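Here is the structure we will look at, set down as C-alpha cells.
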Amino acid sequence: ARWHGEGRIPAPMDAVQFTEFHLLTRDLLDAHCPDIILSPLVGDDFDVLDVSARLRDLGYQGRYRAITQVLPSAEMIRKEVRAQAPDLDFDLLMMPTIANDG
C-alpha cells in the first residue's frame, strides 16, 4: 500500500508475488509455494514479529528474510524471532543506507 501511495507500483514479475500483511494466508502460500519470503523489518501495519508469528501459525518452515538498514542490535532481533518461530529459516537482509550526494 505504501509503494502504491508513493507512486512506486511494482512491475509484474512472474517469480515475485507482492501482498499485504493481512492477505498472507495458507491459501496464498499454497498457491505460490514461495522459495523465500521477504518483508521490511517494520511496515505500516506489521513488524518482523507479526510476520514470523503469522508464518509460524501457517506452518511455513521455509526462508524468511526481513529487510532493514544495518542495525547494531541485529543479533538481538534474530534471537527474538528465532525464539518465537524456531522452524523458520530466519535472518536479516541488511542494506546499507545510501548517501545522498545532492
Side-chain angles (χ1 to χ4, degrees):
R2 182 188 304 185
W3 281 14
H4 284 272
E6 294 172 350
R8 297 187 301 155
I9 299 169
M13 294 178 266
D14 291 340
V16 177
Q17 173 69 39
F18 291 90
T19 191
E20 299 288 333
F21 174 70
H22 70 277
L23 298 174
L24 181 57
T25 64
R26 178 82 254 156
D27 288 341
L28 183 73
L29 293 178
D30 289 345
H32 295 283
C33 301
D35 292 324
I36 188 168
I37 294 176
L38 302 171
S39 79
L41 185 68
V42 178
D44 291 336
D45 60 348
F46 65 89
D47 66 20
V48 67
L49 292 175
D50 296 322
V51 175
S52 61
R54 172 78 53 90
L55 293 173
R56 177 201 62 216
D57 293 347
L58 294 173
Y60 180 75
Q61 297 181 355
R63 296 181 295 166
Y64 168 44
R65 301 295 183 266
I67 303 167
T68 186
Q69 297 175 352
V70 176
L71 299 171
S73 58
E75 193 54 35
M76 181 179 70
I77 293 168
R78 286 182 186 105
K79 286 180 183 179
E80 191 168 356
V81 171
R82 290 173 181 160
Q84 174 177 281
D87 291 334
L88 282 180
D89 175 354
F90 173 77
D91 208 344
L92 295 168
L93 179 57
M94 290 188 281
M95 309 295 287
T97 303
I98 299 173
N100 185 355
D101 293 338

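Since this is a predicted model, take the numbers as computed values, not measurements.
Here the CG-CD distance, from Leu23 to Gln17, works out to 9.5 Å after rounding to the nearest 0.5 Å. Taken to the nearest 0.5 Å, the CE atom of Met95 stands 10.5 Å off from the CD atom of Gln69. In this structure, CG on Leu58 lies 8.5 Å from CD1 on Ile37, to the nearest 0.5 angstrom. Note: Leu29 CG to Leu24 CG = 5.5 Å, rounded to the nearest 0.5 Å. Put simply, CD1 on Ile77 and CG on Leu41 are 5.0 Å apart, with the number rounded to the nearest 0.5 Å.
Every pair passing salt bridge (charged side-chain N to carboxylate O under 4.0 Å, His left out) that includes a residue from residues 45-69 is listed here, sequence neighbours excluded: Arg65-Asp89. Applying the side chain to side chain donor-acceptor pair (under 3.5 Å) definition to pairs two or more places apart or across chains, those involving residues 75-84 are Ser52-Gln84, Glu75-Arg78, Arg78-Asp91.
Between Val51 and Ser39, the shortest heavy-atom distance links the atoms CG2-OG, 4.1 Å. Nearest heavy-atom pair across Tyr64 and Leu55 is CG-CD1, 3.8 Å.
Both Met94 and Leu88 are part of a single hydrophobic cluster, where members link through side-chain heavy atoms under 4.5 Å apart. Linking ILVMFWY side-chain heavy atoms closer than 4.5 Å, directly or via other members, places Val70 and Val81 in a single hydrophobic cluster. Under the 4.5 Å side-chain heavy-atom criterion for grouping Ile, Leu, Val, Met, Phe, Trp and Tyr, Ile67 is not connected to Leu49 through any hydrophobic cluster.
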### Message
Under the criterion side chain to side chain contact (heavy atoms under 4.5 Å, CB included), I'd like the reasoning laid out for Phe90 against Val48: C-alpha separation, chi angles, the key distance, then a yes or no.
### Response
CA-CA 10 Å; Phe90 173 77; Val48 67; 3.7 Å; yes

